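None of the values given here were measured: they were computed from a predicted structure.
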Amino acid sequence: MPEQTANAAGGAFEKLAGKAKQAIGGLVGNDALAREGELQEQKVDTAEQADRLAAEAQQAEQQSDLAAKQEANRLEQQRVQVELDERVRQEQIEHEARAAKAEVAQQAALREAAAERQEVNEEAVIARQEVDAAAERIDGAQQAAEIDEQARQAEAAADALQAAQRALEQKPTGG
């Protein structure tokens, strides 16, 4: 931040000097001096815009990083929840299997078939939930990639403005 404050103060001085050159050039009829003043103002404006875009790019990158971390945390929580749900279901399946074995003596064939159908259905539900969770993780990763791409584009725009500023600074002024 101290560098931006120094740049702002220097930029204000440079802009004021540019306006003065324009005014003096206009008063004395020196078009070259007036143009030099105009270019000096443009240089300051370009530098301010480049600083602003760089700050915006940095903020976008930080937001992207935060969003990616939040998404990673959310996905990890989902994974843990799915794992816990699976454990509960496994315990439920094991309990039902024990109950089914106790009833086998009376109705072995009917109970065994029912327990197998129920287990297959529960595994299908778990498998469906795992597929859904994976799809959500992929969607989150795609969103994070889009945010990263936007941050890279903002940085490229800031770089282009800085290159334009350097080109203006290196351009010889008439005098």
Side-chain angles (χ1 to χ4, degrees), residues 1-88 124-175:
M1 286 283 180
E3 183 179 321
Q4 286 180 341
T5 305
N7 285 345
F13 176 75
E14 287 290 322
K15 199 168 199 174
L16 183 60
K19 285 186 184 293
K21 286 179 184 179
Q22 279 183 344
I24 292 170
L27 287 174
V28 298
N30 185 342
D31 291 339
L33 183 61
R35 179 67 183 145
E36 181 180 338
E38 185 180 331
L39 288 174
Q40 193 167 351
E41 276 191 81
Q42 288 176 357
K43 175 183 168 185
V44 171
D45 290 342
T46 302
E48 289 172 352
Q49 187 178 11
D51 289 345
R52 187 178 68 255
L53 286 174
E56 289 173 4
Q58 183 179 12
Q59 183 180 7
E61 185 175 354
Q62 289 171 348
Q63 288 174 345
S64 172
D65 290 346
L66 177 61
K69 287 177 184 177
Q70 288 173 337
E71 182 63 16
N73 286 340
R74 187 185 68 78
L75 291 174
E76 180 60 18
Q77 287 174 345
Q78 265 186 339
R79 186 194 63 76
V80 168
Q81 186 61 48
V82 167
E83 199 173 284
L84 289 175
D85 290 347
E86 185 176 349
R87 285 182 187 168
V88 167
V125 167
I126 291 170
R128 244 187 334 267
Q129 288 175 343
E130 288 174 348
V131 167
D132 290 345
E136 287 181 19
R137 284 193 296 272
I138 290 169
D139 287 345
Q142 287 173 339
Q143 289 173 355
E146 289 172 5
I147 290 171
D148 283 342
E149 180 58 30
Q150 290 171 356
R152 281 191 286 280
Q153 289 174 358
E155 286 176 356
D159 290 344
L161 282 173
Q162 287 175 348
Q165 178 186 358
R166 284 192 294 275
L168 279 175
E169 289 172 352
Q170 293 173 357
K171 187 175 184 180
T173 59

Looking at Gln165, Lys15, Lys43, which one forms a side chain to side chain contact (heavy atoms under 4.5 Å, CB included) with Glu48?
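Running side chain to side chain contact (heavy atoms under 4.5 Å, CB included) over Gln165, Lys15, Lys43 with Glu48 returns exactly one hit, Lys15.
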
Shortest non-hydrogen separation from Ala158 to Ala50 and the atoms involved
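Smallest interatomic distance, heavy atoms only, reads CB-O, 4.4 Å.
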
Over all atoms of both residues, closest heavy-atom pair of Ala144 and Ser64:
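Result for this residue pair: O-OG, 4.0 Å.
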
side-chain contact (heavy atoms from CB on, under 4.5 Å) between Ile147 and Gln63, intermediate numbers included
CA-CA 8 Å; Ile147 290 171; Gln63 288 174 345; 5.7 Å; no

Separation between [atom1] of [X] and [atom2] of [Y], rounded to the nearest 0.5 Å:
{"X": "Arg52", "Y": "Leu161", "atom1": "CZ", "atom2": "CG", "result": "8.5 Å"}
{"X": "Arg87", "Y": "Leu84", "atom1": "CZ", "atom2": "CG", "result": "6.0 Å"}
{"X": "Gln143", "Y": "Ile138", "atom1": "CD", "atom2": "CD1", "result": "12.5 Å"}
{"X": "Arg152", "Y": "Asp159", "atom1": "CZ", "atom2": "CG", "result": "13.0 Å"}
{"X": "Gln40", "Y": "Lys19", "atom1": "CD", "atom2": "NZ", "result": "11.5 Å"}
{"X": "Glu76", "Y": "Glu83", "atom1": "CD", "atom2": "CD", "result": "8.5 Å"}

Basic-acidic side-chain contact under 4.0 Å: Arg74, Glu71:
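Looking at Arg74 and Glu71, the cut-off is met.
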
Less than 4.5 Å apart, any side-chain heavy atom of Glu155 and any of Gln58?
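Sidechains of Gln58 and Glu155: no contact.
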
Would Gln49 and Asp45 count as a side-chain contact (heavy atoms from CB on, under 4.5 Å) here? Give the steps.
CA-CA 6 Å; Gln49 187 178 11; Asp45 290 342; over 6 Å; no

Go through it in stages, so that I can follow the logic: the residues are Glu36 and Leu33, the test is side-chain contact (heavy atoms from CB on, under 4.5 Å), and I'd like the CA-CA distance, side-chain angles, deciding distance and then a yes or no.
CA-CA 5 Å; Glu36 181 180 338; Leu33 183 61; 4.2 Å; yes

Test of understanding: with salt bridge (Lys or Arg N to Asp or Glu O under 4.0 Å), list the residues that count as partners of Glu38, not counting sequence neighbours.
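Here the qualifying residues are Arg35.
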
Can any side-chain N or O of Thr46 pair as donor or acceptor with the backbone N or O of Gln42 at less than 3.5 Å?
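Side chain of Thr46 to backbone of Gln42, a donor-acceptor pair under 3.5 Å: yes, one is there.
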
Run the numbers on Gln78 and Glu136 for side chain to side chain donor-acceptor pair (under 3.5 Å), then give the verdict.
CA-CA 10 Å; Gln78 265 186 339; Glu136 287 181 19; 2.2 Å; yes

Salt bridge (Lys or Arg N to Asp or Glu O under 4.0 Å) between Arg166 and Glu169, worked out
CA-CA 5 Å; Arg166 284 192 294 275; Glu169 289 172 352; over 6 Å; no

Applying side chain to side chain donor-acceptor pair (under 3.5 Å), run through Asp85 and Gln81 and close with a yes or a no.
CA-CA 6 Å; Asp85 290 347; Gln81 186 61 48; 2.9 Å; yes

